[in-house]
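Worksheet for the structure shown next.
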Amino acid sequence: MNKRLVVTLATLVAATLAVTTSKLFAAQPNAPAPEAAPIILIQNATILTVSHGTIEHGSILIKDGKIAEVGESVKAPKDAQVIDANGQFVMPGIIDCHSHIAIDGNVNEGSISVSSIANTADVLDPEDIDIYRDLAGGVTTANILHGSANPIGGQTVVIKLRWGQPASKLPFEGAMPGIKFALGENPKHSNFGGRGTEARYPATRMGVEETIRGAFSEARDYKAKWDDYNKRNAAGEKNLIPPQRDLRLEPLVEVLEGKRYVHSHCYREDEILMLLRVAKEFGFKVRTLQHVLEGYKVADELAAAGVGASTFSDWWSYKEEAWNAVPYNAALMTRRGVIVSINSDDAEEATHLNQEAAKSIKFGGLSHDEALKLVTINPAIQLGIDKRVGSIDTGKDADLVIYNHDPLSAYAVVQKTLIDGRVLFDRQKDLADRSNLEKEKKALIDKEKKEQKEEKKSDAKPGDKKPDEKAKPQSDAAVAGGAL
């Protein structure tokens, strides 16, 4: 088999595997959304509302993508699609407050220290198979962040995992935009670079703090110039020249004005307190501290500042600044009044965030409902979308997950995931389609092999010299005869 055939087949297999999974959802990527969501009644389920307890043998009526009614005796309209969830559990869709899916290859703009001009919304990839896989794990909403290479990074976006829709349909309508900051080893480039590579400021924790403070000093002055211009312009002053726009500073002005959330990567207690001091100095709020592995040490300060904490369940000691992390972090911060969520930071981790939340029952003694809040209403509050999602209440979006066991059980497997009242993942359909898709994949590979063989035959014409065949030297007689 020649190299070209091997490369072609490898590419085909990779592409086919992606298509195999993507076709498990009927709508193809970039397909238009249906005009109206179906009317659905989920009945006979154990409903974990998060906001008002558990309803045994309950039902949920969904109309126009919203939860129309929840209770023990909800009647199905005659035109409703009925999902019998007898023996199963329904919970709000899982919300991941720290995700990097759908932006593969566009995670870090590490060339400069302040990259606030970059925007993750511009590089969303609706065909990233991790969207579908996370749906299969019950995730319905995710906060898409770039990496942590910069003290002040780029703009973030909250999306719904609307698999099958174009990039323009993924952002969560009305969700507050964000911006990512980062503290510690990553923005000061502790673990990469080195001799022979060009150093980039900052290279110390002191430099990280000064970079953030310096950027907000510029943003404050920039805002003052525009405020003065707008005031004079509103007063009718003529022949005014507006200040020159600075796209790097405009997102920071939005932070100062409370129009953009700050989500900051961090680990150590000293850096956490440093950022809170800088925020207080410039009059803005830090919405969430991401990872915040030493948050348990300064939980009272976080609660007093009204800062949310989005942490790991039990990751620690994977680098120097993570050595003091403990699996009790989420519970300890919760007990001190901090709004805490458990995030993934990883596409695979997101497929079992329900189990990650359950670990806080073992490590810290949170109750069942408190643990469930770590991946539902708490991240919704942190992202400012709790009026739409995060609990099962009338009027909220019908973003729901159906499990075969209690979601906090190690045996729980997602059966269906709904977003906006549409079933975007169905395990039974997924399993039923796999054999047909395997046949389709084999047929495509066989077809490609056949075409390669035919192409090879057509290239080998009678009389053609082989590539390595050399022309034989002519005899003297032949040369003489040819000259005559």
Side-chain angles (χ1 to χ4, degrees), residues 16-29 31 33-34 36-48 55-63 65 67 70 74 76-77 79-94 101 127-141 160-165 347-348 350-355 375 392 397-443:
T16 307
L17 287 173
V19 172
T20 297
T21 310
S22 68
K23 282 189 176 181
L24 299 178
F25 171 47
Q28 296 302 307
I39 298 175
I40 297 176
L41 180 72
I42 302 173
Q43 64 182 18
N44 300 325
T46 299
I47 301 174
L48 307 173
I55 302 174
E56 302 288 349
H57 306 293
S59 299
I60 304 171
L61 179 62
I62 301 169
K63 291 183 178 179
I67 298 172
V70 183
V74 179
D79 54 347
Q81 171 189 339
V82 177
I83 298 175
D84 188 359
N86 185 34
Q88 298 180 336
F89 292 74
V90 184
M91 66 171 281
I94 290 173
I101 64 172
E127 297 182 26
D128 182 357
I129 197 62
D130 287 327
I131 297 175
Y132 182 81
R133 290 169 179 162
D134 286 3
L135 266 178
V139 180
T140 55
T141 299
K160 285 199 178 190
L161 275 59
R162 297 181 176 119
W163 178 247
Q165 292 301 304
E348 189 281 329
T351 64
H352 48 88
L353 274 177
N354 57 311
Q355 295 177 2
V375 290
I392 300 178
D397 296 359
D399 294 1
L400 306 167
V401 189
I402 303 175
Y403 285 89
N404 59 345
H405 293 283
D406 187 303
L408 299 185
S409 164
Y411 298 100
V413 177
V414 173
Q415 303 302 301
K416 288 181 175 62
T417 303
L418 293 80
I419 294 181
D420 301 323
R422 297 183 178 91
V423 178
L424 298 192
F425 172 77
D426 186 323
R427 180 171 175 78
Q428 295 307 313
K429 184 178 185 304
D430 184 298
L431 294 172
D433 286 348
R434 289 183 186 182
S435 59
N436 291 333
L437 291 170
E438 282 297 322
K439 292 177 183 177
E440 181 181 353
K441 181 177 75 172
K442 185 178 184 303

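Atom set for the values below is all heavy atoms of this structure, side chains included, hydrogens, waters and symmetry mates excluded.
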Counting C-beta onward and ignoring hydrogens, is there a side-chain heavy-atom pair between R133 and I131 closer than 4.5 Å?
no
Do D420 side-chain atoms and G65 backbone N/O form a donor-acceptor pair below 3.5 Å?
no
Derivation of the side-chain contact (heavy atoms from CB on, under 4.5 Å) call for N436 and E438:
CA-CA 5 Å; N436 291 333; E438 282 297 322; over 6 Å; no
Minimal heavy-atom distance between S59 and L41, with the atoms involved, is CB-CD1, 4.1 Å
Roughly how far, to the nearest 0.5 Å, is the CG atom of L135 from the CG atom of D426?
12.0 Å
R427 with D430: basic N within carboxylate O range, under 4.0 Å
no
Restricting to side chain to side chain donor-acceptor pair (under 3.5 Å), what partner residues turn up for D128, sequence neighbours left out?
none
Among I419, T417, I129, the one residue meeting side chain to side chain contact (heavy atoms under 4.5 Å, CB included) with W163:
I129
Gap separating the CD1 atom of I55 from the OG1 atom of T46, nearest 0.5 angstrom:
10.5 Å
List in chain and number order the residues that pass side chain to side chain donor-acceptor pair (under 3.5 Å) with Q428, two or more places apart in sequence or in another chain; answer none if no residue qualifies.
none
Quick one: salt bridge (charged side-chain N to carboxylate O under 4.0 Å, His left out) partners of D397, sequence neighbours excluded?
K66, K160, R388
Restricting to side chain to side chain donor-acceptor pair (under 3.5 Å), what partner residues turn up for T351, sequence neighbours left out?
none
Quick one: pull up CD in Q81 and CD1 in I42 and give me the separation to the nearest 0.5 Å.
9.5 Å
For T140 and G93, work out which heavy atoms get closest and say how close.
OG1-CA, 3.3 Å
Compare every heavy atom of I101 with every heavy atom of A347, then report the nearest pair and how far apart it is.
CB-CG2, 3.7 Å
Got V423 and P38 here, is their nearest side-chain heavy-atom distance under 4.5 Å?
no
I40 and G421: which non-hydrogen atoms are nearest, and at how many Å?
CD1-O, 3.3 Å
State which residues pass salt bridge (charged side-chain N to carboxylate O under 4.0 Å, His left out) with K63; sequence neighbours excluded, sorted by chain then number.
none
Spacing of L424 atom CG and Y132 atom OH [to the nearest 0.5 Å]:
10.0 Å
Hey, does P407 have a side-chain heavy atom less than 4.5 Å from the side chain of V401?
no
Side-chain heavy-atom pair L61, I39 within 4.5 angstrom cut-off:
yes
About how many Å separate CG of L400 and CD1 of I94, when rounded to the nearest 0.5 Å?
12.0 Å
Quickly, which of V74, L418, I47 forms a side chain to side chain contact (heavy atoms under 4.5 Å, CB included) with I60? Name it, please.
I47
Closest non-hydrogen contact found for Y403 with G137 is OH-O, 3.6 Å
For D134 and A350, the nearest pair of non-hydrogen atoms, with its separation, is OD2-CB, 3.4 Å
Can you tell me how far the CG atom of D399 sits from the CZ atom of R422, to the nearest 0.5 Å?
11.0 Å
Those residues at least two apart in sequence (or on a different chain) that pass side chain to side chain contact (heavy atoms under 4.5 Å, CB included) with Q88 are A85, I402, Q415
